[in-house]
Amino acid sequence: MLMKEFFCPTLRELPAEAEVISQQLMLRAGMIRKVAAGIYSYLPLGYRVMKKLETIIREELDKAGAQELLMPVLHPAELWKESGRWAEYGPELVRLKDRKEREFCLGPTHEEIITFLVRHELKSYKDLPLNFYQIQTKMRDEIRPRFGVMRAREFTMKDAYSFHASRESLDECYEKMYHAYCNIFNRCDLDYRVVEADTGPIGGSDSHEFMVTADTGEDQVLYCGDCEYAANIEKASARVKVKEMPVKPKKEMLYTPDIKTIAQLAEYLSVPEEHTIKTLIYRGEKGEYMALLRGNDQINEVKLKNALQENEIEMVVDDSLERPMGFVGPVDQKGFKIISDNLVMKMDWGITGANEKDYHLTGVIPGQDFKPQIIADIRLTQSGDGCPHCSNPLRTARGIEVGHIFKLGTKYSQAMKAFFIDADGKERPFIMGCYGIGVGRTVAAAIEQNHDDMGIVWPWPLAPFQVIVLSLGASDEINNVAENIYKELWNIDVETLWDNRKERPGVKFNDADLLGIPLRITVGKFAKEGKIEIKERASGKTEIVNIHQVVQWVNQFRKRKGE
RNA sequence: CGGGGUGUAGCUCAGUUUGGCUAGAGCGCUUGGUUUGGAUCCAAGAGGUCGUAGGUUCGAAUCCUAUCACCCCGACCA
């Protein structure tokens, strides 16, 4: 490709909209352009990278026995009503009507469509297992799109769905996909971590997320430095010892004027926060709840939502409930269902709100003075908590979720009546798995992890081109040398970009660095001695090489990169 | 949805407080010259319904009202 002809509008200045480094570099390198909030066009350079990644994905998934197909973007509402998600999914689901007023949505994911397909076509356990995938555009009307293609409203996703007659078969496939994912991200030279995850609205049992570690990651991950344990903070649990407490005081009301927060309470009474019990009020679709935590703990709303089996919950912070907000507590209260964190139940006693303005109650014994309907882990795990496997302290990191695999079970097949006939002649719902990779997000994550002050530093397998040839000066001699190298490299299938623009050397060097192409060949002042310079973008190492040995040199470099 | 902010040239931004002639700068773009190993320098030039609509005024980028878009924080979310 000739740079003179290649549409690659690089930007010298930083676009104001760009928040994170990957977004800045994708815009500056001419990979993407924004069309509207969370909606992007991929320009030729960006699309080349995306196709590189897609090829890797296809190779690994085909190897794992999955079959590629393509499903529609436009989904009839009936299928979503069958699965129940027409109601469950919020405004994130883009809904529309056709000219005949029939309802549709734009697919944010494809469980309904694939289940619909399979229930019509597969009847026997003998057909199973099967694993389908597609690489396709997804639509989610995100509340707040940001970070460029990292959280977009329209984005490309690889999604796969597997169908099984037994749990064991699902486990086996899940394992295969897990390894395929590892291969994919390994091949992209990404530094990632696999963590246990919450399943969210997609549902299901086991679930792992593939997190590319990056400070700008939106997800927080807890991991153990000593064993294999790693989990998304939404899911992470911990082994926490509740310290022995001093002798229980008499149960009595304490006058605590205007003391509404745990911090104020602990200070006012000169007790540690962990001797208090925090009462949070939540409103869900099925009722109103009191959630109890140790004073020093934070709520994990994902866990809470799961424990309550609610779709939507909202913390009540105003005084719409006509209770003395700041002084509510579980003792002798009416109207709320009480859910208590495990750790609260291990406390010998605690201080709670007294349900009377300006009063708290001390000496409250969990399980005796109040009896929760639900006891569960609803606390946010923190850095330093004990690992649930080995008790060593957990650490935190930030990550970008690039892949997510789920064991769905029969949630969709059951709801949508997708059954097969098992060996015993009985009708059973398909057991399903589901596996996603954010394609654009992975590209962004790769940049997030591979860049320097000058620009992108592509890992070889994702690079839009492997080599960029710079011809400095306009002499025929230099142009001829550059052109020969350019042609010879293409002859051995090395994707090469030749910067033949009439630009100053500085401009070409800067653009080459910005684009991040792994090898840069400079044809300039050494050309008359029959030599050129090769520079490796990642290490910055340069080497002067004889013109006749360039192709061989590149070929060997390529082999070292395992291609 | 709540709070805050921004919309002026392709990009980054000044000008708005205190209304006043023909709306500016840098970068980019075009032309000519110059230079050629890290974003040269010189000269000439093109490019703007000042987000949109309405209002106030002799006069609006500037003041008022409405509206749209975008951005940030929160809620929310694979």
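We use all heavy atoms of the structure for the numbers below, so side chains are in, but hydrogens, waters and symmetry mates are not. So you know, we letter chains A, B, ... as the sequences are listed, proteins then strands, and number each from 1. If you're wondering where the values come from, they're calculated on a predicted model, not measured in any experiment.
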Within the structure, does a side-chain N or O atom of [X] lie under 4.0 Å from either OP1 or OP2 of [N]?
X        : N     : answer
A:Arg12  : B:C27 : no
A:Lys535 : B:G38 : no
A:Arg504 : B:U40 : yes
A:Lys34  : B:C71 : yes

Ignoring hydrogens and geometry beyond distance, is a side-chain donor-acceptor pair present between A:Tyr435 and A:Ser162 at under 3.5 Å? yes

If you measure from the C1' atom in B:G45 to the same atom in B:G28, how many Å do you get, rounded? 14 Å

On a whole-Å scale, what distance lies between the P atoms belonging to B:A23 and B:C27? 22 Å

Please compare A:Met454 and A:Ala152 by the position of their nearest nucleotide in RNA chain B and report the one closer to 5'. A:Met454

Take A:Glu209 and A:Phe509, find for each the nucleotide of RNA chain B with the closest heavy atom, and name the residue whose nucleotide sits nearer the 5' end. A:Phe509

Could you label the plane-to-plane angle of the A:Tyr178 and A:His208 rings as parallel, tilted or perpendicular, counting under 30° as parallel and over 60° as perpendicular? perpendicular

In this structure, how many angstroms lie between the P atom of B:C77 and the CZ atom of A:Arg441, rounded? 15 Å

Sort out the partner of B:U35 for me: Watson-Crick or G-U wobble, both distances under 3.5 Å, none otherwise. none

Once you apply a heavy-atom cut-off of 4.0 Å, does [X] come out as touching a base, just sugar-phosphate, or nothing?
X        : value
A:Tyr435 : nothing
A:Arg520 : base
A:Pro15  : sugar-phosphate
A:Gly436 : nothing

For the CZ atom of A:Phe163 and the CE atom of A:Met432, what is their distance to the nearest 0.5 Å? 4.0 Å

